[in-house]
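Working notes for the structure below.
Bear in mind that the values here come from a model prediction, so they are computed numbers and not experimental data. Sequential numbering from 1 along the given sequence is applied to the chain's residues.
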Amino acid sequence: MSNSATDRAAFPQTLWAVRGRHTGPAPEEVLRRSLRRRKESGDIDDFAEPSVPDGASGLIFEARWRAAGTVTVRARLTLVPPAARPQGHEWRLVAEAERPWDETWPSPATLFWPDGGAGEGDDGSWDHHATVAGLRLRQVNALPEDDKAMRRRLRDAAREGWCVNVVVHEAMTPDEQGRLPLAGLLPPGLRHRVVEHRAAPHQFRAVNYALKDLGVEVPRGGAVLLPPDPAPQGYDGAEHRVRSVFLDGSEPDELFAALRHFAAQPRPLPRGAAEALAELRENWTLMTLQEELERERQLVARYAEALESMTKSRDLYKDAAEQALAALEAYRDVPAPGLPQQLPAPRTPGAFQQLTRTFERLRFTARGQRQQAPAPENPAGRTPDGTPPTPAEPVAAKPPADGSTAPDHGTAPADGADRTS
């Protein structure tokens, strides 16, 4: 059993909720007859049978009345089609008042279902437990003799959070008055929300063994309330244990005080109750003229608020678009700035370029060496173009600086004879 209630909404004190199962035929006809009778007697102001939304199944019944003559109560009962197991039609009933629920107010279950015996068509078919076969809301439910069956029943009943489960141990076999259900002594606001389990005197050890999984135990001749599933934070099972219950037809004050305390404490909504409460609040159709006018005013106010929000969003979008267009036009009018001149990055000579430069240096070096080498003698003392060379002019010898006459060697004789001085 889960002990975490952080993911559940709190049970409102203005809410009265219970669910059960109708095992007889045509439960919708039983509801229509009972609601018509309640309206004729003045117990309810009005009732309706709204259409079922598309895709949903079952039937819906609504009723409204004034508790204590002034407090408006709106109630909605949903009749679910029968399933394979268990047999019958499941029903869910949620009622919400304008102020916290008073236990002296009439039970909403008896304003939808007949509760006056055979004269009102009450065949006892509507008060079966919704999920656990064999349990009734208005009767004493004896625990099974088999230990495993007892353990399974208490565990399944505790898992169902729509009802309050109380286990009573008989200290001795009661008389005829003691065998009557204690629910008949409860105030109307609690009467059809309590499931009473009875353990025979010889089942004391067996019932406590079965309750061990739930973390509670029943005193001998006393009673204990089963913890809700999920249990609220700070739940103390000792506050909901009664040491002795006298089954003699008298009102068990201590047990009823524990039941009132249990019903008044904050606890999480049971599974499925939050959805049923939301449907009651959002899809309610049985309204007075004043309520319809108020609802229309609220719708108009919501539409006006939504329209104002859409208008503001449109204006903001328009302003943003105009600013974007103005910025774009300004950007187009400004000339584009010139790009700064970038000097070419120094290039590192590659291997091929270095080889080319080396060949160039070798070539120029070889050319310079050829230019410095002496030209070869031409044949017959001719110039390269074939003309005879021009004789050089004789150069006059300068006299010596000391006035002496330089020896004149003269010219060589044409005939080549030696001339002696």
Side-chain angles (χ1 to χ4, degrees), residues 1 3 5 10-13 15-18 100-105 107 109 129 132 135-143 153-155 157-172 174 177-201 203-204 207-208 210-270:
M1 184 176 67
N3 292 323
F11 197 103
Q13 294 299 316
L15 178 65
W16 191 98
V18 72
W101 200 270
D102 193 331
E103 63 180 16
T104 62
W105 293 347
S107 170
H129 197 275
V132 182
L135 293 182
R136 306 289 291 270
L137 298 176
R138 298 178 296 173
Q139 298 182 11
V140 175
N141 301 282
L143 290 174
R153 172 178 287 191
L154 292 176
R155 183 192 61 214
R159 190 180 294 117
E160 173 57 55
W162 289 70
C163 300
V164 181
N165 294 273
V166 56
V167 180
V168 180
H169 176 250
E170 300 172 345
M172 60 184 67
Q177 290 294 327
R179 288 193 293 269
L180 295 176
L182 296 176
L185 304 176
L186 288 171
L190 292 173
R191 187 167 301 164
H192 302 106
R193 298 168 59 187
V194 175
V195 178
E196 181 183 355
H197 307 268
R198 286 281 186 97
Q203 292 180 314
F204 177 68
V207 68
N208 278 326
L211 292 173
K212 186 180 298 184
D213 293 341
L214 304 177
V216 296
E217 62 178 9
V218 57
R220 186 181 295 274
V224 65
L225 275 66
L226 300 186
D229 180 25
Q233 186 176 5
Y235 178 81
D236 186 6
E239 298 178 352
H240 306 104
R241 185 172 61 225
V242 180
R243 297 190 61 85
S244 61
V245 177
F246 296 100
L247 300 175
D248 55 358
S250 61
E251 182 175 327
D253 296 334
E254 190 177 358
L255 176 58
F256 287 0
L259 286 170
R260 292 187 180 96
H261 182 270
F262 183 92
Q265 70 175 352
R267 63 188 189 279
L269 281 170

What's the separation between atom [atom1] in [X] and atom [atom2] in [Y], rounded to the nearest 0.5 Å?
X	Y	atom1	atom2	value
Leu135	Asn141	CG	CG	4.5 Å
Leu180	Gln139	CG	CD	11.5 Å
Phe256	Leu186	CZ	CG	4.0 Å

Derivation of the side chain to side chain contact (heavy atoms under 4.5 Å, CB included) call for Val216 and Leu225 | CA-CA 8 Å; Val216 296; Leu225 275 66; over 6 Å; no
Could you tell me if the side chain of [Y] sits less than 4.5 Å from the side chain of [X], heavy atoms only?
X	Y	value
Pro252	Val168	no
Pro187	Arg260	yes
Leu226	Val164	no
Val218	Asn208	yes
His192	Ser107	yes
Pro219	Arg241	yes
Val224	Glu217	no
Leu182	Leu255	yes

Of all heavy-atom pairs between [X] and [Y], which one has the smallest distance, and what is that distance?
X	Y	answer
Ala17	Phe11	CB-CZ, 4.4 Å
His169	Pro201	NE2-O, 3.3 Å
Pro228	Phe262	CD-CE1, 3.7 Å
Leu185	Ser250	CD1-O, 3.5 Å
Ala171	Gly221	CB-CA, 3.7 Å
Gln177	Asp248	CB-O, 3.9 Å

Measure from the side-chain N and O atoms of [X] to the backbone N and O of [Y], and report whether any donor-acceptor pair falls under 3.5 Å.
X	Y	result
Gln13	Ala264	yes
Trp162	Pro270	no
Glu251	Asp253	no

Partner of Leu154 under side chain to side chain contact (heavy atoms under 4.5 Å, CB included), picked from Asp213, Val132, Val167, Asn165, is Val167
Side chain to side chain contact (heavy atoms under 4.5 Å, CB included) evaluation trace for Arg136 with His129 | CA-CA 6 Å; Arg136 306 289 291 270; His129 197 275; over 6 Å; no
Would you mind checking if Arg198 and Glu196 are paired as a salt bridge, meaning a charged N to carboxylate O distance below 4.0 Å?
->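 A salt bridge links Glu196 with Arg198.
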Assess whether side chain to side chain contact (heavy atoms under 4.5 Å, CB included) is satisfied between Val166 and His197, documenting all intermediate values.
-> CA-CA 6 Å; Val166 56; His197 307 268; 5.9 Å; no
Could you walk me through whether Gln265 and His240 pass side chain to side chain contact (heavy atoms under 4.5 Å, CB included), step by step?
-> CA-CA 12 Å; Gln265 70 175 352; His240 306 104; 3.9 Å; yes
